[in-house]
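Model, not experiment: these values are computed from the prediction.
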Amino acid sequence: MDPAIIKSILVKECYTIFTNRRDFGLSGPLKSAVSIAADDQWKRIRTVLSPTFTSGKLKQMFPIIKQYGDLLVKNIQKRVDNKEFIDMKNIFGSYSMDIVLSTSFSVNVDSLNNPNDPFVTNGRKLLNFSFFNPLFLITLLCPFLIPLLEKMNFCFLPMSVLNFFQDAITTIKKNRQKGDHTNRVDFLQLMVDAQSNDNSGGEVAHGYKGKMAYLLDLS
């Protein structure tokens, strides 16, 4: 309840003390995600990502969010006009999915009306995590097995889904670097621009890997 303590934790001492979170392992490609990375790696990724979240950059993405807000209203109005029951969880879940996919990957998907789109189906698989997952229970009860499971390439999240998004991001990134984009502002474009401006350093490839993991983490 004390704003001064909140500021100390989230701003003043964020880079020095409150850096690491608990890592359960078996993260696959997400081991470089900002929510999992630790110490100097976390600081480096955080430093690269922070400029993306300035108020000016976020305002540039507002038209994308507004576009899907208008689509949300149309979808609800359509069901009201037809006197249909409305599943609010499904509608707002689709709305959130559309915004995440569009602002992260520049993918225009109306997930409510196109539920079989590959980005939608893989996105939902990514979010469909159960604490009763046998792999999660094994690591919880027998944490000493985590190093062995990591060497065997086990992952809490479906590798097919992670590979799908990883391939999609790589393809979109290559197209963006060739100048193939419609002047829209999204997280991926801002990160590609940041990488282009940082080409003189030796951390470029590793930096992109962290950014790619961050986008998967964001979704």
Side-chain angles (χ1 to χ4, degrees), residues 27-30 33-35 49-130 156-195 208 210-219:
S27 303
L30 293 180
V34 70
S35 59
L49 292 177
S50 292
T52 307
F53 292 92
T54 60
S55 59
K57 296 289 179 63
L58 293 177
K59 285 179 181 178
Q60 292 179 41
M61 283 181 278
F62 179 74
I64 300 176
I65 299 175
K66 184 178 183 300
Q67 171 190 341
Y68 284 101
D70 295 337
L71 183 61
L72 171 67
V73 173
K74 289 180 181 178
N75 284 328
I76 293 178
Q77 188 61 50
K78 180 180 178 181
R79 282 160 175 71
V80 171
D81 293 340
N82 294 331
K83 297 183 179 180
E84 300 178 10
F85 288 103
I86 299 177
D87 185 343
M88 300 306 291
K89 179 182 178 181
N90 184 36
I91 285 183
F92 280 99
S94 299
Y95 171 65
S96 300
M97 179 81 69
D98 290 343
I99 289 179
V100 168
L101 290 175
S102 188
T103 56
S104 298
F105 309 111
S106 292
V107 177
N108 292 316
V109 178
D110 180 2
S111 57
L112 190 63
N113 297 316
N114 298 294
N116 295 322
D117 186 279
F119 275 92
V120 176
T121 55
N122 282 284
R124 285 178 175 161
K125 288 178 183 177
L126 191 67
L127 298 174
N128 188 24
F129 178 80
S130 173
F156 286 129
L157 300 172
M159 286 302 300
S160 60
V161 174
L162 295 178
N163 289 334
F164 170 82
F165 281 109
Q166 195 166 3
D167 292 342
I169 294 171
T170 302
T171 301
I172 296 172
K173 171 181 175 276
K174 289 180 179 179
N175 292 334
R176 293 296 182 86
Q177 289 178 324
K178 295 176 182 178
D180 183 16
H181 65 93
T182 56
N183 295 323
R184 67 181 294 165
V185 178
D186 48 50
F187 283 111
L188 184 56
Q189 185 59 44
L190 292 173
M191 292 179 184
V192 169
D193 292 341
Q195 180 181 343
Y208 172 68
K211 297 171 190 175
M212 183 163 60
Y214 167 73
L215 284 174
L216 290 172
D217 187 33
L218 176 68
S219 68

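Smallest separation of non-hydrogen atoms from I99 and Y68: CG1-CB, 4.1 Å. Of all heavy-atom pairs spanning R124 and S111, the tightest one is NH2-O, 4.2 Å.
For the atom pair OG1 of T171 and CD of Q166, the computed distance is 11.0 Å after rounding to the nearest 0.5 Å. Annotation: the span from I65 atom CD1 to T103 atom OG1 amounts to 6.5 Å, rounded to 0.5 Å. Going from atom CZ of F119 over to atom CG of L101 covers 7.0 Å, rounded to the nearest 0.5 Å. Rounding to the nearest 0.5 Å gives a distance of 6.0 Å between CD1 of I76 and CD1 of I86. Atom CG of L72 and atom CZ of F92 lie 5.0 Å apart (nearest 0.5 Å). Considering OG1 of T170 and CG of N163, their distance stands at 10.0 Å, rounded to 0.5 Å.
The pair K74-D70 does not meet the salt-bridge criterion, since no charged nitrogen lies less than 4.0 angstrom from a carboxylate oxygen.
Counting heavy atoms from C-beta outward, V100 and M97 have side chains that stay 4.5 Å or more apart.
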task: Step by step, work out the side chain to side chain contact (heavy atoms under 4.5 Å, CB included) result for I91 and N75.
output: CA-CA 8 Å; I91 285 183; N75 284 328; 5.6 Å; no
